[in-house]
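Throughout, a chain's letter reflects where its sequence line sits, starting with A, and its residues are numbered from 1.
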Amino acid sequence: MDTLAFLIRRLGQAVVVMLVISVIGFSIQDNLGDPLRELVGQAVSEAERQALRDEMGLNDPFVLRFGRFLAGAVQGDLGTSYFFKRPALEVILDKFPATFELVLAASLIIVLVSVPLGVFCAIRPNGWVTQAIMGFSIVGISIPVFLTAIFLIYIFSIELGWLPSFGRGQTVTLGWWTTGLLTRDGLAHLVLPAIALSSIMLPLFIRLIRGEMMEVLRTEYVRFAWAKGLSSRRVWFVHAFKNTLLPVITVGGVQIGTLIAYTILTETVFQWPGMGFLFLEAVNRVDTPLIIAYIIVVGLIFVVTNTVVDLVYTLVNPMVKITGRAA
Amino acid sequence: MSAVRAALQSNFVYRFLGDPVAMVSAGVLLLFVLGAALAPWIAPQNPYDPLQIDIMDSEIPPVWQAEGEARFVFGTDAQGRDMLSTILYGTGISLTIGVFAVLLQGLIGVTIGLISGYYGGRVDGFFMRLADIQLSFSTLMVAIIVLAVFQAAFGVGLYEELAIIMLILVIGIAEWPQYARTVRANVLAEKEKEYVDAARVIGLSRLRIMFRHILPNTLSPILVISTVQVANAIVAEAALSFLGLGMPVTKPSLGSLIRAGFEFIFSGTWWITIIPSIVLIVLILAINLLGDWLRDVLNPRLYKET
């Protein structure tokens, strides 16, 4: 029963955070740019302007206008992009597959590389390979993601000419989803951006998995497993590794937010046609509805991932203290 | 003099002198700080002074390349500015933003951490939840959105003048939870000690106990996270400038230099981007290595993510 109460409280919190995000979004809309000017231009007299303002409800009290904004937002209406002359949400969602595939590919690289390396570093803490990996990881942490991206382009696209440096390449449309994962060209375009995006998280995860694994290897039950005469493979992977996963899941969930922030940088360097690239273009064009739509969509992704991670965490670990964690 | 002798004989200095990585990092960092501070005197050119720049000098490669010129050790950028000079000045701007942003983080974070840890209860719950929420939205994301909105609201012209202040404020405010959590964790441990009881019994005010008695005992973790935070702030500034939300090209930090050079990388003039990039990486690496060493030596109680 406790879990259900926690679930409800957690969802309540998520709703509150989303409400705060939409207040922020709305106040930006309210203060940035004049929708009337976008609509009618400069050539309309002041009296007509006022009449139009009244008619459009721009002079209504704040609460009323916010209510209308919220009602629209819940139904997926976040205004019309000034530049694209299309619903802002639609413009954003068109770009969602590109960003999603980039994040997916980067996450895959992170998991496939950091788990074996982290475990290895924990099992052989004093070998030279471990020293080398740990040394690389501090260098890796010190290289900002956009510089990794620039160096990758410089080496693999310009000097060696092996891989393309911008865009998504050839894509295939499946319903409303455009994917670059099904063509050779699309995959080739994905390689460098995905490596660049994963580079920033790799050192963090290697260090995290190593630290947790070393801690677990010192516990009583692992010593007991050794004493029972289990094979080292079984002790490491079945007994020890499983218990390093919990903290990794939580940190991983929190880092998904950061990963989305880094997509803006990666997409800018590689001109990857995703949401982050679109957002920066919208900022340069002062396309307010698009800016707000991006903030709300990204806010929603943050809140949903954080909530899901928290819920998974409680399900996996019954010992977790379920009060006192926030969105 | 005895203070100096005592300092020289301390464990801290002893371990520093025994660790080549720490010494090299400190040396490199010192070099950067001196280079940036003395830039107006040692830089071959003042990149802010249009009279000293000749557009005819643009895109000259570094001196070790065939077409390089001895006047420009690291070559010139697209506007004919000497790369070495812009890098010296740019490092100064990056360091200034990094240090002031961290001072602001520390001021907010330490105060909140002290209050949160010392008072406990509802105050503590409120601040720590606020910290949780703020951290769950990544700093970079918050900074990008806030700066993007301000840039759109101010217009590019006004924004460029205010950029340095905006960057310090945004990076400074976004990262206070790091300090608040660490300081709070230490205050919780210190609060139970006898000297605090003693101070309370004498009848000292809470403010005095917090700032004069507990705060000095939380300095080593503050010092350790400060080094890493300065590195993070410099990276954040560079990233924001690279996106065009930070320092303008006319008054470039390392990030805006990299941004300005990036469009030329495909036409073969790699040095405009790559050289400032390497400078930035070396700077960050030096600070991070020094931070790692400090953490090993001081071994403080840091906030551990669970």
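Counting only heavy atoms from C-beta outward, the side chains of Leu147(A) and Ile278(B) never approach each other to under 4.5 Å. Side-chain contact between Met141(B) and Phe302(A) is present, with heavy atoms from C-beta onward closer than 4.5 Å. Counting only heavy atoms from C-beta outward, the side chains of Ile145(B) and Val298(A) never approach each other to under 4.5 Å. Put simply, the side chain of Ile150(A) reaches to within 4.5 Å of the side chain of Ile274(B), judged on heavy atoms. Considering only heavy atoms from C-beta on, Ile153(A) comes within 4.5 Å of Phe262(B) through its side chain. Proximity of Phe151(A) to Thr273(B): side-chain heavy atoms (C-beta onward) are nowhere separated by under 4.5 Å.
In this structure, no portion of Leu283(B) lies under 4.5 Å from any heavy atom of chain A. When heavy atoms are compared at a cutoff of 4.5 Å, Ile138(A) approaches chain B by way of both its backbone and its side chain. Interface residue Ile21(A): only side-chain heavy atoms are found under 4.5 Å from chain B. Contact of Asp292(B) with chain A is made through the side chain alone, with heavy-atom distances under 4.5 Å. For Ala231(B), no part lies near chain A; criterion is any non-hydrogen pair under 4.5 Å. With a 4.5 Å cut-off on non-hydrogen atoms, Ile287(B) does not touch chain A at all.
Of the residues considered (Val282(B), Leu140(B), Val142(B)), Leu140(B) shows the highest number of contacts with chain A, using heavy-atom pairs under 4.5 Å. Of the listed residues (Asp287(A), Ile141(A), Val269(A)), the greatest number of heavy-atom pairs within a distance under 4.5 Å of chain B belongs to Val269(A).
The CD1 atom of Ile234(B) sits 11.0 Å away from the OG atom of Ser142(A) when rounded to the nearest 0.5 Å. The structure places CZ of Phe146(A) at 8.0 Å from OG of Ser241(B), a figure rounded to the nearest 0.5 Å.
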Might you work through the side chain to side chain contact (heavy atoms under 4.5 Å, CB included) test for Leu245(B) and Leu280(A), ending with a clear yes or no? CA-CA 9 Å; Leu245(B) 300 170; Leu280(A) 273 191; 4.3 Å; yes
Stepwise side chain to side chain contact (heavy atoms under 4.5 Å, CB included) check, Ile284(B) with Ile143(A): CA-CA 8 Å; Ile284(B) 303 298; Ile143(A) 304 182; over 6 Å; no
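Considering every non-hydrogen atom in both Ile144(B) and Ala261(A), the closest pair reads CD1-O, 4.3 Å. Of all heavy-atom pairs spanning Ala148(B) and Phe279(A), the tightest one is CB-CZ, 4.0 Å.
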